[in-house]
Enquirer: 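The structure is given below, and queries will be raised subsequently.
Note that this is a predicted model, so its numbers are computed, not measured. Just follow the structure's listing: the first ligand is 1, and inside any ligand the first atom is 1.
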Amino acid sequence: MKRPVLAANWKMNNGPTAARAFMETFLGGYAPRTDRTVIIFPPAVSLSTVSSAAAGRTDVVAGVQNIHWAEKGAFTGEISAPMAKDAGARVVLVGHSERRHVFGETDAQCAKKCVAASRAGLAFMLCVGETIAQREAGETERVVTHQLREGVSQTSNLISADFLLAYEPVWAIGTGLTASAGDASAIHTLLRTQLRQMIGTRGDEIPILYGGSVNADNAASLLRAPEVEGLLVGGASVEPSSWLAIAQTR
Ligand code: PEP
């Protein structure tokens with residue numbers, strides 16, 4: 001995947017009708033680019049709409065916000081990796097802070113979702129990040145290292161797995177607070193070192209995105225920070241004009 005990676009997490013916004021209108025406006029203003037990748041994570045009901053709209057664009061791909069680790073079965077309300085792939089997803093978001101902290105998703109469940117994504121031929125984007133209490137207790141490095149190591153612990157042959165990481169401090173998500181470029185860089189550097197320990201030079205190929213109250217005004221300075229190779233954007237990605245500005249960040 002071409003770096004930088006600019007990823008839009010719409011959360012629970014933009015159903016099929018709004019998604020169609022968004023994609024029309026966004027793609028109308030976003031000429032194909034070979035110097036970056038855009039990923040749109042719509043709600044699952046809008047996945048087909050987004051992937052169909054982006055058909056023929058190799059620089060814009062659709063992703064799914066969540067999957068269940070089983071392939072099918074009696075799991076009312078869930079969707080599986082093969083189903084998401086069938087609807088056009090190429091990437092799965094795993095361990096987003098809202099999944100972890102609102103829905104109680106554990107590291108063990110994240111690990112199973114990473115396996116399920118790889119098994120279905122999808123890339124996964126594993127999200128890690130500390131809470132404010134953990135940050136104030138000086139536990140950031142321990143927490144993100146643990147989440148990374150546990151998250152990929154069940155993925156066999158990690159060296160050939162297709163995956164990305166997103167560092168998203170929980171205290172920065174949807175709060176208007178953003179990590180400084182220096183703070184983001186420091187954690188990204190730590191994650192890069194971990195990746196190198198786990199999979200050698202392949203670790204240099206894994207994009208590490210920053211997320212947490214990114215907007216059109218702060219995107220450029222974050223993207224210039226060493227080891228920040230992309231952005232995962234929530235609130236500011238829901239409207240096409242704001243997202244267009246972020247996706248075109250220099
Ligand atoms: C997110 O949903 O991943 C996110 C970072 O949200 P926000 O940009 O709204 O903080």
Side-chain angles (χ1 to χ4, degrees), residues 1 4-15 18-19 22 26 37-44 46-47 50 61-67 84 89 91-105 110 113-114 117 123-132 134-135 140 143-144 147-148 151 163-181 183-185 187-188 191 207-223 225 227-249:
M1 215 171 260
V5 177
L6 288 311
N9 174 21
W10 287 354
K11 312 190 191 220
M12 200 168 72
N13 297 286
N14 291 341
F22 178 108
F26 171 59
T37 306
V38 164
I39 307 174
I40 311 273
F41 291 101
S46 302
L47 205 38
V50 168
V61 304
V64 65
Q65 295 176 15
N66 184 37
I67 53 164
V91 190
V92 179
L93 207 52
V94 176
H96 186 276
S97 79
E98 286 146 22
R99 298 298 321 167
R100 291 180 190 267
H101 296 286
V102 180
F103 298 102
E105 196 161 298
C110 290
K113 292 181 181 194
C114 291
F124 61 85
M125 184 186 293
L126 177 66
C127 303
V128 300
E130 81 285 7
T131 63
I132 191 65
Q134 290 166 331
R135 185 176 189 81
T140 300
V143 169
V144 299
Q147 289 173 333
L148 166 59
F163 71 105
L164 309 87
L165 291 185
Y167 169 54
E168 296 207 301
V170 178
W171 49 270
I173 297 181
T175 59
L177 301 172
T178 312
S180 68
D183 281 352
S185 256
I187 301 304
H188 284 227
L191 293 169
I208 308 178
L209 285 67
Y210 168 78
S213 295
V214 174
N215 56 43
D217 296 327
N218 60 24
S221 66
L222 287 160
L223 213 46
E227 295 289 359
V228 175
E229 299 180 316
L231 301 169
L232 177 55
V233 185
S237 74
V238 174
E239 294 295 332
S241 57
S242 156
W243 177 241
L244 192 52
I246 295 169
Q248 290 175 319
T249 302

Enquirer: Closest approach of M125 and I39, non-hydrogen atoms and distance?
Expert: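 Looking at all heavy atoms of both residues, the closest pair is CE-CD1, 3.9 Å.
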Enquirer: I'd like to check whether V233 has a polar contact with ligand 1, where a contact means an N/O of the residue lying under 3.5 Å from an N/O of the ligand.
Expert: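 V233 vs ligand 1: no N/O contact under 3.5 Å.
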Enquirer: With a 4.0 Å cut-off on heavy atoms, is A172 in contact with ligand 1?
Expert: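 Yes, A172 has heavy atoms under 4.0 Å from ligand 1.
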Enquirer: Looking at L232, which atoms of ligand 1 are within less than 4.0 Å of one of its heavy atoms?
Expert: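 Close to L232: 3 (O), 5 (C).
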Enquirer: Which of the atoms in ligand 1, numbered in the order shown and given with their element, are less than 4.0 Å from a heavy-atom of G174?
Expert: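 In order of numbering, the contacting atoms are 7 (P), 9 (O), 10 (O).
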Enquirer: Students often mix this up, so state it plainly: with edges at 30° and 60°, are the rings of F163 and F124 parallel, tilted or perpendicular?
Expert: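 Aromatic pair F163/F124 classed parallel.
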Enquirer: Output the list of atoms in ligand 1 that are nearer than 4.0 Å to some heavy atom of G212, sorted by atom number.
Expert: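 Every atom of ligand 1 under 4.0 Å from some heavy atom of G212: 5 (C), 10 (O).
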Enquirer: Which of these, I208, L209, V38, sits in a side chain to side chain contact (heavy atoms under 4.5 Å, CB included) with V5?
Expert: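 By the side chain to side chain contact (heavy atoms under 4.5 Å, CB included) criterion, V5 pairs with just one of I208, L209, V38: L209.
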Enquirer: Going by the atom numbers of ligand 1, which of them fall below 4.0 Å from some non-hydrogen atom of N9?
Expert: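 This gives 1 (C), 2 (O), 3 (O) as the contact atoms.
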Enquirer: Considering only the protein, which heavy-atom contact is closest to atom 9 (O) of ligand 1, and what is its distance?
Expert: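 Here the nearest protein heavy atom works out to G235 N, 2.8 Å.
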Enquirer: Take V50 and N14 through the side-chain contact (heavy atoms from CB on, under 4.5 Å) test and state the conclusion after the steps.
Expert: CA-CA 10 Å; V50 168; N14 291 341; over 6 Å; no
Enquirer: For atom 5 (C) of ligand 1, which candidate among E168, H96, M125 holds the nearest heavy atom?
Expert: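 Shortest heavy-atom distance from atom 5 (C) of ligand 1: E168.
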Enquirer: Measure the distances from the heavy atoms of A236 to every atom of ligand 1 and state whether one is below 4.0 angstrom.
Expert: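 No heavy atom of A236 comes that close to ligand 1.
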Enquirer: What protein heavy atom lies closest to atom 6 (O) of ligand 1? Include the residue and the distance to one decimal.
Expert: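 Among all protein heavy atoms, the one nearest atom 6 (O) of ligand 1 is K11 NZ, 3.1 Å.
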Enquirer: Give a yes or no answer on whether the side chain of T249 reaches the backbone of A219 with a donor-acceptor pair at less than 3.5 Å.
Expert: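 No, because the side chain of T249 does not come within donor-acceptor range (under 3.5 Å) of the backbone of A219.
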Enquirer: Would you confirm whether N13, through its side chain, and A18, through its main-chain N or O, come within 3.5 Å as a donor-acceptor pair?
Expert: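 No, N13 side chain to A18 backbone: no donor-acceptor pair under 3.5 Å.
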Enquirer: State which residue, out of E98, E168, H96, fulfils the side-chain hydrogen bond (donor to acceptor under 3.5 Å, both in side chains) condition with N9.
Expert: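 Per the side-chain hydrogen bond (donor to acceptor under 3.5 Å, both in side chains) rule, the option paired with N9 is H96, out of E98, E168, H96.
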Enquirer: Give the residue, atom name and distance (to 0.1 Å) of the protein heavy atom nearest atom 4 (C) of ligand 1.
Expert: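 Answer for atom 4 (C) of ligand 1: G234 N, 3.5 Å.
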Enquirer: Show the atoms of ligand 1 that are less than 4.0 angstrom away from any heavy atom in I173.
Expert: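 Checking each atom against I173, I get 4 (C), 6 (O), 10 (O).
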Enquirer: Please answer whether the main-chain N or O of F41 pairs with a side-chain N or O of Q65 as donor and acceptor at a distance below 3.5 Å.
Expert: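 Checking the backbone N and O of F41 against the side chain of Q65, a donor-acceptor pair under 3.5 Å is found.
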